[in-house]
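Here the structure is a predicted model, which is why all the values come from computation and not from measurement. In listed order, ligands and their atoms are each counted from 1.
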Amino acid sequence: MNRMGEVMGHLGVWIAVAATMHAILAGGARGQFVMETEREIPVAYDVDVVVVGGSSGGVAAAVAAADAGAKVFLAAPRPYLGEDLCATWRLWLEPSEDPADGLGKALFERTVFAEKSASTSREDRLPPTPMQVKRVLDEALLQAGVPFLYGCYATEVLRDDKGRLAGIVMANRSGRQAVRAKVIIDATPRAAVARLAGSTFEAYPVSSQTFKRVVVGTTPREGAAARRLPIPVRSISEDGCSVLEFDAVEYTLSMPMPDGSFSSFAQAEQRARDITWDPAQVGASEVLFQVPPNPVHCRKHLTGTWPGVNEIDLDAFRPKEQEGLYVLGGCADISREAAEVMLRTLTFVALGTRIGVAAAAEARELPAPRHARVSGTKAADAIPGDVREILTGIRSFPMETGTVRSNAHPLRVVGSYDVVVAGGGTGGAPAGIAAARQGAKTLVLEYLDGLGGVGTLGLIGKYYYGHLEGFTAEMDKGVAAMGGSEGKPAPSWNVEWKMEWYRRELRKAGAEIWFSALACGVVRNGNRVVGVVVATPEGRGVVLAKVVIDATGNANMAAAAGAECLTTDAVDIAVQGTGMPPREPGANYTNTDYTMTDDSDVVDAWRTFVSGRVKYKKAFDLAEIVDSRERRRVVGDYVLSPLDIWNQRTFPDSVVMSYSNFDTHGYTIHPLFSLSPPHEEPIAAYTPYRCLLPKGLDGIIVTGLGISAHRDAMPILRMQADIQNQGYAMGVAAAMAAKAGVGTRDIDIKALQKHLVEKGNLPESVLTDTDSYPALKKKLAAAVKDVRNDYEGVGIVLAFPDDALPLLRKACKASSSDADKRVYAHILGMLGDGTGAATLSEAVAKAEWDKGWSFTGMGQYGMSVSPLDSLIIALGRTRSDKALSPILEKAALLTNESEFSHFRAVSLALETLKDRKAAPVIASLLAKPGMTGYACTTIEAAKRAAEQADPNVDRDHSLRELILARALYRCGDHEGIGERILNEYEKDLRGHMARHSHCVLTSK
Ligand SMILES: Cc1cc2nc3c(=O)[nH]c(=O)nc-3n(C[C@H](O)[C@H](O)[C@H](O)COP(=O)(O)OP(=O)(O)OC[C@H]3O[C@@H](n4cnc5c(N)ncnc54)[C@H](O)[C@@H]3O)c2cc1C
């Protein structure tokens, strides 16, 4: 097919898709509502001015308002600021444009490598890198003292007791929160807040609309309306020695728009990608650019050309009948010609500054909003069910910041599907493909603007182990073929190709894809999940689903639905290292591990992005997804244990086969791994279907990193190849349930397994496998004997503790050899039994401190405790009165130079014993030089930490301080030192640290 034929072919697809979308909107879904019951929404910020949107103009407005004395908060939708430049790739200045000063100058000055652009001619000016734009805007807000968050969409407006606007409600990955404000600056591209406030707009014209999309690394496609941008995109290596240049092409696309709804924009987005994708591309616009054709009706309507920033009447930016609202974007009530000029960055920034000053002045005259709330209304034909969501605030634990009332009101149903997949990442995209291939009407909701999650946007473009068969093998072949003969075979891939392969397969199978769509809750009817609540740049709505697949990678939907979850709690703190990679055009694999991020904590995600941009300031860009290896997991019908893996357990309902080693990126917490080292040799493991079903809920399946498993089991389960196959299996399962009209537990598992065997995902043996544990139990007596031989068989012993204990006690008492006795005492201690306490106590007393383990993220294999650490932990667990004294003696010998694992072992043991005599000893450890002061409560501290040469030191020291403080607090504290430190860490920007401290402080 020639290029034009291809384009016409795409048009055919578009017309069919448009017809389907229209049918959805005009058919069953239109006019349907879910009644959201009354609730309290936590207040995140109380400010004078809230800026909604992270555009350059929005940032300029926030800075100007703050400089004028207002208290300001900015809610940015993307994982960065500057979406008007970076999401659209509108980075080029026109020759006539001159960034003279201020923010405009900072944005366009290639400060980092200025020496490389020798020419001073305006025509030769390089576009700034995305990193430069994003960092300049981050710094502008930080310097102005404006708090801001990424990944937030406005979902409602607040009104006070007089009906005046009083702020917004926003949705993000922490749930929903309110921002009370006197004045709102709506800096969204299509005036989303004005829309939520009920302002009147011109009708969106039902006609072909013109959009722009930039593709980088290509040349213009024949027959397309496209222009090569004047100067190539340039990326310069950190040492300045290597320069990469890529041509960029701006396409002008005319596309039919049935209406101005989010789903129509979503379809236009897909269509634009169909037309412009190129295997040579190294980047492309995340969203289409358009000067909106439908302005909002404002106090003044201005015709004609743009009069200039200082001349324009600001009433053209103030929607009629709304006090305290400014529209800073293309929907302002000016001519479309003027809007085009206004949206050029330098003008936009200058206008933002003017509006920021005006907003601050207006706020000064207004009283603080009283009784701010979300207004309530009734819907006649609400469908059964209620919205369930996370309402704890901007951290992953509740803070006492007050709430606003959200009165009962209807939420519009914007679509109805068999299967809705929340998250289009490593697990989600394959799930969507599988469900759609099975004939299910499928929708994939993805917050970012590409598919594949960590494996594409997270720049982990390479397998590390994994079972490379079945769906994964099909995909690897398909991805490699995306560029014709130049395909890179797995185990590595071109991330642009993989994203596009997913997209095409989804569309080929008839699935719909909504990018920029954040799933922020579910609709639950009884114990059944019947839909997903989705926040988009246009507001919030409901997509109904017969089955929801939670592929958010952190069980976000299951948690919102009220499922019990596993995450950092009061018991312990351990988390695999998190990365946040720099991004160079064309790079596919950049694996990092330098921090620890809770990606369900929007403050922590903000810290990670801001400090990542400082760490990699010389890079071209930063990835847009937090590369967290460990995340919140659901408690399913079964929780997979490391012992299941260790013992090679088979199940009757296995649906995934994983294959990896215990690449733990930190320390382990399961007693097994304090007795026997986690394997460096790869092993295979099965996951039963029950691990993907949230306990107590129907209609929802979890896939990806959020599945039901102990954290120490996850290193074996988390490989991309396996999560892809897992996602595929869950897509088939969901389609089966939807088609048969049955619950997720009632599908024919054998039929599912048979399909997966035929596909190559699973070996045939799963069809006849039974639970292997009953047979294994028969080997327990032999295992109790074997453990004397370097803990061989300890996995079996720990798997059946109740049966093992009497055998172990007997063996311990009967042992004639000291070494054997010690092994039994050790295992018994780990199981909380004191039979061997005297033996352990003596062993600890006699031993000298051995070589311990210091925190290691990348490349951590094997034990994370020393032999003596392990004995100390076991001795503590005996709770014997013989335990305290030798442990305190050992503790007193530790210094700032001692390894982390020694402190952890001593702390674990002492906090189990909870003896007040331990408190002064722990306090004296904390008083030693270099032991305290590592809480990271400011963004400045976070930036400094990110820039450290050794990424392990900061984690080592802060974990040490926190764990010691916890033990001190639990032992009754000493002069309030433990509590003071925990209080400090409760404010830590690192979510796991803050949450752990909060849980410890509130669980006493
Ligand atoms: C730094 C790092 C290095 C790794 N190295 C390797 C390696 O070398 N080899 C290997 O095989 N594996 C590796 N892994 C493991 C593997 O990449 C991950 O386990 C896997 O990709 C996780 O898949 P997932 O589907 O659970 O999550 P993700 O791939 O993160 O997908 C989740 C998706 O859901 C979206 N999302 C989240 N919440 C919402 C919401 N509320 N609404 C809408 N969308 C949402 C996200 O944007 C994302 O696209 C690595 C992981 C990390 C983090």
Side-chain angles (χ1 to χ4, degrees), residues 79 151 153 171-175 389-390 420-432 443-468 472 490-493 498-499 502 513-522 532-536 549-560 576-581 589-595 597 599-600 602 605 623-633 658-660 663 665 702-707 714-724 726-727 730 857-858:
Y153 289 128
N172 48 47
R173 291 190 75 197
S174 291
E389 58 186 332
I390 299 171
V420 171
V421 184
T426 315
L443 170 68
V444 176
L445 302 170
E446 170 54 50
Y447 160 63
L448 291 170
D449 296 280
L451 297 161
V454 171
T456 54
L457 293 157
L459 290 174
I460 305 298
K462 188 156 76 176
Y463 293 130
Y464 173 71
Y465 292 116
H467 178 58
L468 309 186
T472 282
S492 60
W493 51 85
K498 190 160 180 170
M499 282 195 279
Y502 279 134
I513 307 163
W514 290 5
F515 287 140
S516 303
L518 181 81
C520 62
V522 299
V532 171
V533 182
V534 57
T536 72
I549 300 181
D550 179 347
T552 56
N554 72 352
N556 200 172
M557 293 303 95
Q576 292 184 41
T578 300
M580 188 70 249
Y589 182 73
T590 311
N591 199 343
T592 56
D593 176 346
Y594 61 90
T595 185
T597 305
D599 61 6
S600 67
V602 71
E624 294 188 10
I625 184 170
V626 176
D627 267 352
S628 45
R629 292 179 174 84
E630 179 170 347
R631 302 177 185 167
R632 176 178 53 206
R633 300 171 309 286
S658 308
Y659 179 70
S660 190
D663 176 14
H665 285 269
V702 175
T703 186
L705 284 175
I707 65 165
M714 287 308 292
I716 306 293
L717 311 180
R718 70 181 176 87
M719 291 299 106
Q720 291 183 48
D722 304 328
I723 288 188
Q724 287 157 189
Q726 185 194 82
M730 291 312 98
M858 195 68 101

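For ligand 1, the polar-atom distance check against Gln720 finds a nitrogen or oxygen pair separated by under 3.5 Å. Considering backbone and side-chain atoms alike, Ala519 places an N or O below 3.5 Å from some N or O of ligand 1. Distances between N or O atoms of Thr426 and those of ligand 1 include at least one value under 3.5 Å. The shortest N or O to N or O distance between Thr703 and ligand 1 is not under 3.5 Å. Inclusion of Asn554 in the set of residues having an N or O under 3.5 Å from an N or O of ligand 1 is not warranted. In terms of polar-atom proximity, Ile723 is not counted as a contact of ligand 1, lacking any N or O under 3.5 Å from an N or O of the ligand.
Contacts of Val454 with ligand 1, taken as heavy-atom pairs under 4.0 Å, involve both backbone and side chain.
Of all protein heavy atoms, the one closest to atom 26 (O) of ligand 1 is Leu705 N, 2.8 Å. Of all protein heavy atoms, the one closest to atom 14 (N) of ligand 1 is Arg718 NH1, 3.5 Å. In terms of protein heavy atoms, atom 52 (C) of ligand 1 is closest to Arg629 CG, 3.6 Å. Scanning all protein heavy atoms for the shortest distance to atom 44 (N) of ligand 1 gives Tyr447 N, 3.2 Å. Taking atom 35 (C) of ligand 1 as the reference point, the nearest protein heavy-atom neighbour is Glu446 OE1, 3.2 Å. Nearest non-hydrogen protein atom to atom 34 (O) of ligand 1 is Gly423 CA, 3.4 Å. With hydrogens left out, the protein atom closest to atom 25 (O) of ligand 1 is Gly427 N, 2.9 Å, a heavy atom. Among all non-hydrogen protein atoms, the one lying nearest atom 5 (N) of ligand 1 is Ile460 CG2, 3.2 Å.
In terms of modelled atom types and a separation under 3.5 Å, the side chain of Asp550 and the main chain of Met557 share a donor-acceptor contact. With hydrogens and angles ignored, the 3.5 Å screen pairs no side-chain donor or acceptor of Asp627 with any backbone N or O of Gly579. Judged by distance alone, with hydrogens and angles left aside, the side-chain atoms of Ser628 form no donor-acceptor pair with the main-chain N or O of Thr578 at under 3.5 Å. With Glu630 contributing its side chain and Gln576 its backbone, the two residues share a donor-acceptor pair below 3.5 Å.
Close contacts between ligand 1 and Leu448 involve ligand atoms 47 (O) [criterion: under 4.0 Å to a heavy atom]. Atoms of ligand 1 lying under 4.0 Å from at least one heavy atom of Lys462, given by number and element, are 7 (C), 8 (O), 9 (N), 10 (C). If you number the atoms of ligand 1 from 1 as listed, the ones under 4.0 Å from a heavy atom of Ala517 come out as 42 (N), 43 (C). Proximity to Ile625 (heavy-atom distance under 4.0 Å) selects the following atoms of ligand 1: 30 (O), 48 (C). Within ligand 1, the atoms closer than 4.0 Å to a non-hydrogen atom of Arg631 are 27 (O), 28 (P), 30 (O), numbered from 1 in the order shown. Here is the list of ligand 1 atoms found below 4.0 Å of a heavy atom in Leu445: 43 (C), 44 (N). Numbered from 1 in the order shown, with element, the atoms of ligand 1 that lie under 4.0 Å from a heavy atom of Asn556 read 41 (N). Listed by number with element, the atoms of ligand 1 under 4.0 Å from a non-hydrogen atom of Tyr463 are 9 (N), 11 (O).
When all heavy atoms of Thr703 and Ala551 are compared, the pair lying nearest together is CG2-CB, 3.6 Å. The two residues Pro581 and Gly458 make their nearest non-hydrogen contact at CG-O, 3.5 Å. A pairwise comparison of heavy atoms in Leu518 and Arg173 identifies CD1-CG, 3.9 Å as the closest pair.
With no hydrogens or angles considered, a side-chain donor-acceptor pair links Gln724 and Tyr463 at under 3.5 Å. No side-chain N or O of Asp599 forms a donor-acceptor pair with one of Thr597 less than 3.5 Å apart. Gln720 and Thr426 share no donor-acceptor pair across their side chains, judged by distance under 3.5 Å alone.
The residue from Asn591, Thr456, Asp550 that puts a heavy atom closest to atom 3 (C) of ligand 1 is Asn591. With atom 40 (C) of ligand 1 as the reference point, the heavy atom nearest to it among Thr552, Asp722, Thr592 is part of Thr552.
Side chains of Arg718 and Leu705 form a contact here, defined as non-hydrogen atoms less than 4.5 Å apart. Looking at heavy atoms from C-beta onward, Pro430 lies in side-chain contact with Tyr502 at the 4.5 angstrom threshold. The shortest distance between side-chain heavy atoms of Met858 and Asn591 falls below 4.5 Å.
Residue contact annotation: Cys520 has no non-hydrogen atom under 4.0 Å from ligand 1. The shortest heavy-atom distance from Ser628 to ligand 1 is under 4.0 Å. Residue contacts with ligand 1 include Ala551, since one or more of its heavy atoms lies under 4.0 Å from the ligand.
For Ser516, the side-chain hydrogen bond (donor to acceptor under 3.5 Å, both in side chains) partners are Asp449, not counting sequence neighbours. Contacts of Met580 classified as side chain to side chain contact (heavy atoms under 4.5 Å, CB included), with partners at least two apart in sequence or in another chain: Tyr594, Thr608, Phe609, Leu622, Ala623, Val626.
Atom CG of residue Asp722 and atom CG of residue Leu468 lie 8.0 Å apart, to the nearest 0.5 angstrom.
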